[in-house]
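A short write-up of the structure that comes next.
First listed ligand is number 1; within each ligand, the first listed atom is number 1.
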Amino acid sequence: MLITAPAEQFLAGYQLREERCSYCKTALQEGHSVSAYAVQYAGDDVWSIPRVYCRDCQSTITEPTLGATELLATGYLGCTMDVATQQSTLTLLGIEQIMKSPAEEGHATL
Ligand SMILES: [Zn+2]
C-alpha cells in the first residue's frame with residue numbers, strides 16, 4: 001500500500017539522529033533555526049533525513065541527485081522527551097518552507 005502524506009506531516013516531529021550541522025559541525029540545540037535535507041530514492045517509499053544544517057549553512061538544494069526526490073525543509077528544532085526512557089530527542093518543528101527537487105532532475109551520483 002502506498003501511503004502519501006504532505007511533506008510537512010512526516011517532517012514535523014521527525015526525530016533527528018544527527019545533532020550537529022553537517023557543514024560547520026556546530027552543535028544544534030532546541031530553538032535553533034535549521035534546514036533539514038530529506039531524500040527518497042526512486043523505488044523506495046521511505047524518506048530519510050540524512051543531513052541537517054544551520055539555516056546559514058544551507059538554504060537551497062545545490063546539487064540535485066538524479067533518481068531521488070529531495071526536499072529541503074526549513075524550520076526550527078524542538079525537544080521531545082520520552083518519559084518511559086527519560087531520553088530527550090531533537091525533533092523538527094515549525095516547518096516554514098519546503099524546497100523540492102524531483103527525481104528526474106539532477107546528476108547521477110557515481
Ligand atoms: Zn552550520
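The tally of protein N/O/S atoms under 2.8 Å from the Zn ion (ligand 1) stands at 4.
Minimum interatomic distance between Ala73 and Ile98 (heavy atoms only, all atoms of both residues): CB-CG1, 3.9 Å.
With sequence neighbours excluded, no residue forms a side chain to side chain donor-acceptor pair (under 3.5 Å) with Thr74.
Residue pairs satisfying the salt bridge (Lys or Arg N to Asp or Glu O under 4.0 Å) criterion with at least one member in residues 92-103, sequence neighbours excluded, are listed as follows: Arg55-Glu96.
Contact check for Leu92 versus Leu77: side-chain heavy atoms found under the 4.5 Å cut-off.
In this structure, Gln40 contributes its side chain and Ala42 its backbone to no donor-acceptor pair below 3.5 Å.
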Contacts under 3.5 angstrom, residues 12-20 side chains, donor-acceptor by atom type, not counting sequence neighbours:
from: Tyr14; atom 1: OH; to: Ile49; atom 2: N; distance (Å): 3.4
from: Arg20; atom 1: NH1; to: Lys25; atom 2: O; distance (Å): 3.0

